[in-house]
Protein chains: 2
Amino acid sequence: MEAKEILKAHVAKLALLTNEQFDYFFSHFKKESFKKGQAVITEGDPVDCEYFVISGCLKSFYINDDLKMFILQFAMPTWWASDYNALYSHTRASINVDCIADAEVLCLTNGDREKLCSELHNVEHFFRWRTNKGYVAAQKRLLSFMNNDAKHRYEELLKLYPELYNMVPKSLIAAYLGVSRETLSRLYHP
Amino acid sequence: MEAKEILKAHVAKLALLTNEQFDYFFSHFKKESFKKGQAVITEGDPVDCEYFVISGCLKSFYINDDLKMFILQFAMPTWWASDYNALYSHTRASINVDCIADAEVLCLTNGDREKLCSELHNVEHFFRWRTNKGYVAAQKRLLSFMNNDAKHRYEELLKLYPELYNMVPKSLIAAYLGVSRETLSRLYHP
DNA sequence: CTTCGAATGTGACGTAGGTCACATGTCCTC
DNA sequence: GAGGACATGTGACCTACGTCACATTCGAAG
């Protein structure tokens, strides 16, 4: 399926756009490709885009003072990724985004998103609902952190995204779960 | 300050409404009062409102199978609270909301919010930005969970909301931080 | 003033998970 | 097919935090 079709199907789930509206909406996106390992957003840099993943996979992550990495999100196809704090408040990136499996993405600048939102009520509706889904998912993950142990969270993640098991190294999954790679390894090799 | 003025000032931070628009917007809210300890949303019940806090304080929380409580959010004045998952997906509540300090709130039904959002582009803009702020805050809290120990998170919380220290029992703060009340107590009484 | 219950402190001990060190396996690349 | 980077397993030990039990403090109701 074409990138345009993928985005169209994704948008249609949350908002009703006419073909003309969607064409106009789509005309603001720029297609880009990233190779595995390539940086997309680097901490400290200005941020001006958000990215809609067509194929491959990105991750957004934070590196603390001890150089330990924590993964906020794996962005699989039809997911969005960016540093939304930096994007909305026009500050420099405080997190990183990079590519973990050769990816095709559609970029939308912050300015274009706001323009589209104010021009097309439908588009603003779409982004409100998309953000709401993200908010609810983040709350669920917070609860899971407080309530469940590492093994439980690991199985939860794999049930949600079985592809991850073969797609990314276990050390990245550990960084998403918030445990060390050794602990993750021992869960099933006691 | 009047409830109406408080809401008006809050909305004005994120969206530009004319006086007429705001009056219309405000006319959909219903004022309600809750006493300390009173339930606002109960797990298993249908949810049809979100609540804007004028005074006092609510909490949203989850009770797990072992009857342990985890607090998702303290809702102080000018904060919103509800079960947004249930609200948006029309399912029954999976979390609870109750009152922890006698509170005055403004209720907005899900139907009215969606009606207002579709009638007034401005209002949809407001809710998109409000939700985005909530999303960014949830991601920050997730990172803090992965990165920081209990003491660090406690001090972070108190810096953000010093009122909480005297307003709510430490056991509730522990339930927000995701540690036992004993551990919280020992942080400063070693 | 007394009494009761909620909130908090604290000791003893258990456990999940972290850290460091090293071994093994795997798949490129030259 | 040798060398090197990366992913994973594993042993020994450490630490933050949980759990249970009991003591203390304090404020509201009688």
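In what follows, chains are A, B, ... by sequence order, proteins preceding strands, each numbered from 1. Since the model is a prediction, treat every value here as computed from it, not as a measurement.
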Participant: Taking the ring centre of each residue, are B/Trp79 and B/Phe52 less than 6.0 Å apart?
Facilitator: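 Aromatic pair excluded; centres sit 6.0 Å or further apart.
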Participant: Any chance the rings of B/Tyr165 and B/Tyr161 have centres within less than 6.0 Å?
Facilitator: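 Aromatic pair excluded; centres sit 6.0 Å or further apart.
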Participant: A/Asn132 and B/Thr131: which non-hydrogen atoms are nearest, and at how many Å?
Facilitator: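 Minimum heavy-atom separation between A/Asn132 and B/Thr131: CA-CG2, 3.6 Å.
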Participant: Which part of the nucleic acid, if any, lies within contact of B/Ser185, taking any heavy atom under 4.0 Å across all strands shown: a base, the sugar-phosphate backbone alone, or nothing?
Facilitator: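 B/Ser185: base contact, heavy atoms under 4.0 Å.
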Participant: For nucleotides 17-29 of chain C, read 5' to 3', which letter fits each nucleotide if B means a protein heavy atom sits under 4.0 Å from the base, S means only the sugar-phosphate is that close, and - means neither?
Facilitator: SBBBB--------
Participant: Any sub-3.5 Å donor-acceptor pair from B/His90's side-chain atoms to B/Ala86's backbone N or O?
Facilitator: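 No; zero donor-acceptor contacts below 3.5 Å.
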Participant: Take the protein atom CZ of B/Phe145 and the nucleotide atom C1' of C/dA16, then report the distance between them rounded to whole Å.
Facilitator: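 B/Phe145 atom CZ is separated from C/dA16 atom C1' by 16 Å.
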Participant: Taking the six-membered ring of B/Phe145, is NZ or CZ of A/Arg141 closer than 6.0 Å to its centre and within 45° of its axis?
Facilitator: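 No cation-pi geometry.
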Participant: Measure CD1/A/Ile173 against C1'/D/dA7 and give the value in whole Å, please.
Facilitator: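 Rounded to the whole Å, the gap is 12 Å.
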Participant: Just the rounded figure in Å: distance from P of D/dA7 to OH of A/Tyr165.
Facilitator: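 My rounded result for the distance is 15 Å.
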Participant: Could you tell me the separation between the OH atom of B/Tyr154 and the P atom of D/dC17, rounded to a whole number of Å?
Facilitator: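 To the nearest whole Å, that distance equals 14 Å.
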Participant: Do B/Trp80 and B/Phe127 have ring centroids that are under 6.0 Å from one another?
Facilitator: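 Yes, the ring centres sit under 6.0 Å apart.
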Participant: On the six-membered ring of B/Phe61, is B/Lys59 placed so that its NZ or CZ lies under 6.0 angstrom from the centre and within 45° of the ring axis?
Facilitator: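 The answer is yes; both the distance and angle limits are met.
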Participant: Whole-Å distance between D/dT19 C1' and B/Asn64 CG?
Facilitator: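 My rounded result for the distance is 14 Å.
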Participant: Check the distance between C/dA7's P and B/Asn166's CG and give it to me in whole angstrom.
Facilitator: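 Checked: the CG to P distance equals 15 Å.
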Participant: Is the terminal nitrogen or CZ of B/Lys151 (NZ for Lys, CZ for Arg) located under 6.0 angstrom from the six-membered ring centre of B/Tyr188 and within 45° of that ring's axis?
Facilitator: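 Here B/Lys151 passes the 6.0 Å and 45° test against B/Tyr188.
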Participant: Out of curiosity, B/Leu157 CG to B/Tyr176 OH, how far, rounded to the nearest 0.5 Å?
Facilitator: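 Answer rounded to 0.5 Å: 5.5 Å.
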Participant: How bent is the helix from C/dC1-D/dG30 to C/dC30-D/dG1, comparing axes over its five end pairs at each side, to the nearest 10°?
Facilitator: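 The end axes of the helix from C/dC1-D/dG30 to C/dC30-D/dG1 are about 40° apart, to the nearest 10°.
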Participant: Taking CG from B/Leu172 and P from C/dA7, how many angstroms apart are they, rounded to a whole number?
Facilitator: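 About 8 Å, once rounded to whole Å.
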Participant: Can you measure B/His189 atom NE2 to D/dT24 atom P for me and round it to whole angstrom units?
Facilitator: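 To the nearest whole Å, that distance equals 16 Å.
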